[in-house]
Q: 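Before anything else, here's the structure in question.
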Amino acid sequence: MADDIEEFWANLTQARDCVTEIPADRWDHTRWYDPDPAAPGRAHTRWGGFLRDVDRFDPLFFGISPRQAELMDPQERLFLQNAWHVMEDAGYRRADLAGRPVGVYVGVMYGEYQFHGALDALRGGRPLTGSSFATIANRVSHALNLSGPSMALDTMCSSSLTAIHLACESLRRGESELALAGGVNVSVHPYKYAFLSQGRFLSSDGRCRAFGAGGDGYVPGEGVGAVLLKPYRRALADGDRVHGLILGSAVNHGARTNGYTVPSPRAQQHAVTEAMARAGVTPDGIGYVEAHGTGTALGDPIELTGLGQAYRTAEAGPGTWPIGSVKSNVGHLESAAGMAGLTKALLQFTHRTLVPSLHAEELNPNIDFDRSPFRVQRELADWPAGDTPRRAGLSSFGAGGSNAHLVLEESPHPEPAADVPAARQHTGEPVAFVLSARDGERLRAHAERAARFLENERVPLADLCFTSQTGREAMDARFAVVATDGAAVAAALRRCAAGQPQPRSPTTARSVS
């Protein structure tokens, strides 16, 4: 239920439960649903968190033939699109990075698209779909002309945080000068639901009750996300926009436990303490914990036990640290779960706000919150500044025992904020805002989004115009406006979006397609 970061943040602040029934354009869930978890080959849940338009893709934009694109796993297409948006957000053009040692690391754990190909093979005479994990990363490196390490990895539900950890290590070794890292997860076939129901992993009522009572499983969710990573000193020297810092990261495995899917609180504790040690931060320096929080009766108490041990050196009473899980909003994104938690944490830094964790009105009775140093963040609240920068711990644990933890810090040099949105600002000298797209239709769509951005975001107008000129790829359909105030720029963009003619004075605007 979020096509972009702004919509995602709005869903979080509004405490929106984004879990729905399985959309009809995926598969007919009525043919697979059976509330009896013991029913063989059936799914005892019919809910999930879903992306929109996972079947939509513009192959020609990336120089891919439509026929080839139809055979590509939607996860490959989505991560390629997302990688492009990440580079745009960072203000890098493809030509800026061509041939440079930029690494690509992506977490992924399900390849369901090939199941459709298996059916087509039985029918005969049809091209077969594929689901290669390696291709998800390699496609990005090829399309953006990047020469650094390029790899996909599967550590189950800790995949995307592990990908980020490996990317950070590559940067520390000097193997990569930048790294694009994240995860992707899409459900395009009923097999996964039936398989997870067989193992009794799924929630029976479509609610992810992280740290709440009644949790009997998780809700699958979809998502795609990535971040561009760079050593902090170099980012400062290059004038990059910094969303936040990764102070330390750690990964490990739970070794042998009472069962393959039974977590080890000791191993989780070690991952947390090791990440804090590498970050040079004590528990007292952490202000919030974004937990793994799947909402299971067994997993949540074990996670709180491990966290409690990791934080036991701090002189703190019950309820000192707020804790939450984005899974309660969007479901468990599996291989992209850590990326969803990272995005939430970075947005909380930016907005200096803690958002509520859902479905925990009644807390899990197996967790003694009266004695725990953690409290579930159940309401929207300011995140006030303290003696130290805002910091967060972020956990992601795989069902097979692979654990990952990050220690995050807000940007020491956040973007210069303006007093009013860009559309209400004035500049002493004329500034030029430029926009381009592959064709006129996409140009109008971009103009609509750009106008909305100017009208809502408190960013310096001059900086915004500079980025539009230097940090965006120049394409065939183009628009330019020269003005001294943001209102004129926004109005010109609105006219462009509506396909209306532009006045020539006092604002000069021109659209070419």
Side-chain angles (χ1 to χ4, degrees), residues 1-23 25-26 47-58 74-75 77-90 160 182-187 206 208 219-228 241 243-244 290 324-333 336-359 377 380 415 421-423 435 437 442 444-459 464 490 493-494 497:
M1 286 190 180
D3 292 335
D4 52 40
I5 295 297
E6 290 72 24
E7 192 172 4
F8 180 63
W9 178 246
N11 289 340
L12 294 180
T13 57
Q14 295 167 15
R16 187 177 187 183
D17 186 344
C18 300
V19 171
T20 66
E21 287 197 345
I22 298 167
D25 61 3
R26 298 304 173 88
W47 297 274
F50 295 94
L51 293 171
R52 305 181 183 107
D53 300 330
V54 298
D55 59 335
R56 305 292 179 89
F57 181 66
D58 183 1
Q75 296 179 131
R77 304 179 215 147
L78 287 167
F79 196 76
L80 177 58
Q81 290 177 170
N82 188 253
W84 182 276
H85 291 310
V86 168
M87 295 302 185
E88 279 198 332
D89 179 80
S160 57
V184 60
N185 190 60
V186 177
S187 300
C208 187
V219 183
E222 296 183 337
V224 55
V227 288
L228 188 63
R241 179 189 188 193
H243 293 283
E290 177 64 16
S325 174
V326 71
K327 294 178 181 65
S328 66
N329 299 92
V330 298
H332 186 353
L333 272 56
M339 191 61 226
L342 175 59
T343 305
K344 174 184 171 181
L346 293 176
L347 287 170
Q348 290 188 145
F349 286 155
T350 299
H351 296 278
R352 301 172 183 177
T353 301
L354 297 176
V355 297
S357 196
L358 310 184
H359 309 308
Q377 184 66 36
L380 191 69
E415 284 191 295
L435 203 65
R442 299 316 304 157
R444 290 189 291 274
H446 283 320
E448 169 66 28
R449 284 196 292 269
R452 191 165 62 245
F453 186 89
L454 263 74
E455 292 163 355
N456 292 287
E457 297 298 325
R458 298 172 181 265
V459 297
L464 186 62
L493 286 166
R494 289 288 184 192

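This one's a predicted model, so the numbers in the text were calculated from it and none came from an experiment.
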Q: Supply the atom-to-atom distance K344 NZ to M339 CE, rounded to the nearest 0.5 angstrom.
A: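 One finds 14.0 Å between NZ of K344 and CE of M339.
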Q: Are any of the side-chain heavy atoms of L380 and L354 separated by less than 4.5 Å?
A: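 In short, these two side chains do not touch, never coming nearer than 4.5 Å.
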Q: Short question: side chain of Q81, backbone of F57 - any donor-acceptor pair under 3.5 Å?
A: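 Checked: no pair found.
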Q: Is the backbone N or O of A10 less than 3.5 Å from a side-chain atom of R16, with the two atoms forming a donor-acceptor pair by type?
A: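 Judged by distance alone, no pair lies under 3.5 Å.
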Q: Rounded to the nearest 0.5 Å, what's the gap from CG on L493 to NE2 on H446? Could you check?
A: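 Going from CG on L493 over to NE2 on H446, the span is 12.0 Å.
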Q: Whether the H243 and D89 side chains hold a donor-acceptor pair (N or O, under 3.5 Å, no angle test) is what I'd like checked.
A: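 The answer is yes; a qualifying pair exists.
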Q: For the atom pair CG (L435) and CZ (R449), what is the distance rounded to the nearest 0.5 Å?
A: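 CZ of R449 is found 9.0 Å from CG of L435.
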Q: Do any N or O atoms from the side chain of S160 and from the backbone of G183 form a donor-acceptor pair under 3.5 angstrom?
A: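 Looks like no, no N/O pair under 3.5 Å.
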Q: F50 and side chain to side chain contact (heavy atoms under 4.5 Å, CB included): which partner among E222, E21, M1?
A: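 Per the side chain to side chain contact (heavy atoms under 4.5 Å, CB included) rule, the option paired with F50 is E222, out of E222, E21, M1.
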Q: Is there a donor-acceptor pair closer than 3.5 Å between any side-chain N or O of S357 and the backbone N or O of S325?
A: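 Checking the backbone N and O of S325 against the side chain of S357, a donor-acceptor pair under 3.5 Å is found.
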Q: Indicate yes or no: at least one non-hydrogen side-chain atom of V219 is less than 4.5 angstrom from one of C208.
A: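 Result yes, sub-4.5 Å side-chain heavy-atom pair found.
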Q: Quick one: does N185's side chain have a donor or acceptor within less than 3.5 Å of a partner on G221's backbone?
A: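 Checked: pair present.
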